[in-house]
Amino acid sequence: MTAGERFRERRRRRRGSRRGRRRAVFLLPNVITAAGMMLGFWSITLSIRGEFEKSALAIVLAMVTDMLDGRVARATHSQSRFGFEFDSLSDLTAFGLAPALLMYNWTLAPLGPRGWLIGGLFALCAALRLARFNARADEPTTKYFQGIASTFAGGMVAATVWFMHWLEITPPFPRPLGIVVTSFFALLALLMVSTIPYPSLKAVKLEGRRGYSALVALIVFLVVVLLNHEPMLFGLGILYMLSGPILWRLERSRAKSAAAVLESELETESTGDVR
């Protein structure tokens, strides 16, 4: 083999190696997304078998994969329309169907038709929430979600199961408590399709001069949460649910104040013109 042939062979091998690496990078976020979907399906099978705490854990693990896949895709510049659509289908399984079946098998089944209607409402609202998000994917990114994200709603179902077990309260619940829990699940479903603004965690960036301090604070916070995950996750979830209506009220107050100031300025200008 001549020197020229050896050079061409090495170049061909390098190109093949680069193509293989690019293919692996493209597949990585989709593999993480597939893991989230499989965790959602695992949660469904666990809830059918009556292993509700493990079912809740599978949903929480799916939340971790959901946070990772998009970040990995952006970091490796491997975003694609296929990955975007696949992520939506995975979210519907892990945060729509799995939580709906978990709540149904955990506490709604004795209610008969009312039980499966509430469970079905949750899955339907999750699908509508994801469809609305996809339809607006080309719009500029904002600091707020419109309605609660399906990921959070599914995680809140899991946190509720853990919290009730931590309180040593298991189904069947007394009638008043059963009404509260059932109404809470219905409220979660409706908040997904509401227009109430909720803060987006995507706006949180661990960058800049204070990035290291923020990262350390976040790690300490996560350790504290994990040490007392049952009450902490539920409590933080309730606070986040309340943040939406509070934010909505503040935005309305600001809009009314701005409108009043504008109206006052217009009246002042018109009075000056008359004089």
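When reading the values below, keep in mind they use all heavy atoms of this one structure, side chains included, and skip hydrogens, waters and symmetry mates.
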*If you round to the nearest 0.5 Å, how far is CG of Leu46 from CH2 of Trp42?*
5.5 Å
*Hydrophobic cluster membership, Leu92 vs Ile32, 4.5 Å side-chain cutoff*: no
_Test item: Tyr144 and Ser200 side chains (from C-beta on) under 4.5 Å apart, heavy atoms_ = no
Please table the atom pairs, donor to acceptor, closer than 3.5 Å between any side-chain atom in residues 109-118 and protein atoms at least two apart or in another chain.
none

*Please report the closest heavy-atom contact between Leu108 and Gly119, naming both atoms and the distance.*
CD1-N, 3.9 Å
_Shared hydrophobic cluster for Tyr104 and Leu177 (ILVMFWY, side-chain gaps under 4.5 Å)_ = yes
Under 3.5 Å, sequence neighbours excluded: what are the donor-acceptor pairs made by side chains of residues 150-160?
residue	atom	partner	partner atom	Å
Thr151	OG1	Asp66	OD2	3.1
Thr160	OG1	Met156	O	2.7

*Under a single-linkage rule joining Ile, Leu, Val, Met, Phe, Trp and Tyr whose side-chain heavy atoms are separated by less than 4.5 Å, which residues share a cluster with Met38?*
none
*asked:* I'd like to know if Leu190 and Leu242 are part of one continuous hydrophobic network [Ile/Leu/Val/Met/Phe/Trp/Tyr, side-chain heavy atoms within less than 4.5 Å].
replied: no
_The criterion is ring-ring contact (aromatic ring centres under 6.0 Å, His included); which residues satisfy it with Trp166, sequence neighbours excluded?_
Phe163
*Please tell me if the side chains of Trp162 and His229 come closer than 4.5 Å, counting only heavy atoms from C-beta onward.*
yes
*Contacts of Thr182 that satisfy side-chain hydrogen bond (donor to acceptor under 3.5 Å, both in side chains) - sequence neighbours left out*: none
*asked:* Assess the residue pair His165 and Glu53 against the criterion (side-chain hydrogen bond (donor to acceptor under 3.5 Å, both in side chains)); give the C-alpha distance rounded to whole Å, side-chain angles, the decisive distance to 0.1 Å, and a yes or no.
replied: CA-CA 8 Å; His165 180 79; Glu53 289 179 78; 3.1 Å; yes
*Could you go step by step and tell me if Phe122 and Met103 meet the side-chain contact (heavy atoms from CB on, under 4.5 Å) rule?*
CA-CA 10 Å; Phe122 188 94; Met103 69 171 75; 3.5 Å; yes
_If we ignore hydrogens and angles and just use 3.5 Å, is the side chain of Asp87 paired with the main-chain N or O of Gly83 as donor and acceptor?_
no
*Evaluate the criterion side-chain contact (heavy atoms from CB on, under 4.5 Å) for residue pair Thr65 and Leu39; output intermediate values, then yes/no.*
CA-CA 9 Å; Thr65 64; Leu39 284 166; 4.0 Å; yes
_Same apolar cluster (I L V M F W Y, side chains within < 4.5 Å links), Ile48/Leu97_ = yes
_Testing the basics here: between Pro199 and Tyr240, what is the closest heavy-atom pair and its distance to 0.1 Å?_
O-OH, 2.6 Å
*With sequence neighbours left out, what residues match Leu191 under side chain to side chain contact (heavy atoms under 4.5 Å, CB included)?*
Ile148, Leu187, Ser194, Ile196, Tyr198, Met241
*asked:* Show, in sequence, the C-alpha distance, side-chain angles and deciding distance for Trp106 and Phe173, and conclude whether the ring pair (Phe, Tyr, Trp, His ring centres under 6.0 Å) test is met.
replied: CA-CA 11 Å; Trp106 181 55; Phe173 299 128; 5.4 Å; yes
*asked:* Test of understanding: with side chain to side chain contact (heavy atoms under 4.5 Å, CB included), list the residues that count as partners of Ser90, not counting sequence neighbours.
replied: Thr33, Met37
*Rounded distance [0.5 Å steps], CZ in Phe234 versus CG in Leu239*: 10.5 Å
_Run the side chain to side chain contact (heavy atoms under 4.5 Å, CB included) test against Asn30 and tell me which residues pass, sequence neighbours left out._
Phe26, Phe82, Phe86
*asked:* With a 4.5 Å cut-off on side-chain heavy-atom distances among I, L, V, M, F, W and Y, is there a chain of contacts connecting Leu102 to Leu167?
replied: yes
*What are the two closest heavy atoms between Ala58 and Ser43, and how far apart are they?*
CB-CB, 3.7 Å
*Residues that Met232 engages under side chain to side chain contact (heavy atoms under 4.5 Å, CB included), provided they are two or more places apart*: Val224, Val225, Asn228
*Sequence neighbours excluded, which residues qualify as salt bridge (charged side-chain N to carboxylate O under 4.0 Å, His left out) partners of Arg49?*
Glu51
*Enter the distance from Glu85:CD to Leu130:CG here, rounded to the nearest 0.5 Å.*
10.5 Å
*Return yes if some donor-acceptor pair links the side-chain N/O of Ser183 with the main-chain N/O of Ile179 below 3.5 Å, else return no.*
yes
*Which atom pair, heavy atoms only, marks the closest approach of Cys125 to Ala189?*
CB-O, 3.2 Å
*asked:* With side-chain hydrogen bond (donor to acceptor under 3.5 Å, both in side chains) as the rule and sequence neighbours excluded, what pairs involving residues 123-136 come up?
replied: Ser88-Asn134, Arg136-Gln146
*Inter-residue atom distance Ile238.CD1 - Leu233.CG, 0.5 Å rounding*: 12.0 Å
_Set of residues satisfying salt bridge (charged side-chain N to carboxylate O under 4.0 Å, His left out) with respect to Arg252, sequence neighbours excluded_ = none
*Nearest 0.5 Å please: distance from the CG atom of Asp91 over to the CE atom of Met63.*
10.5 Å
*Indicate yes or no: at least one non-hydrogen side-chain atom of Phe185 is less than 4.5 angstrom from one of Thr107.*
yes
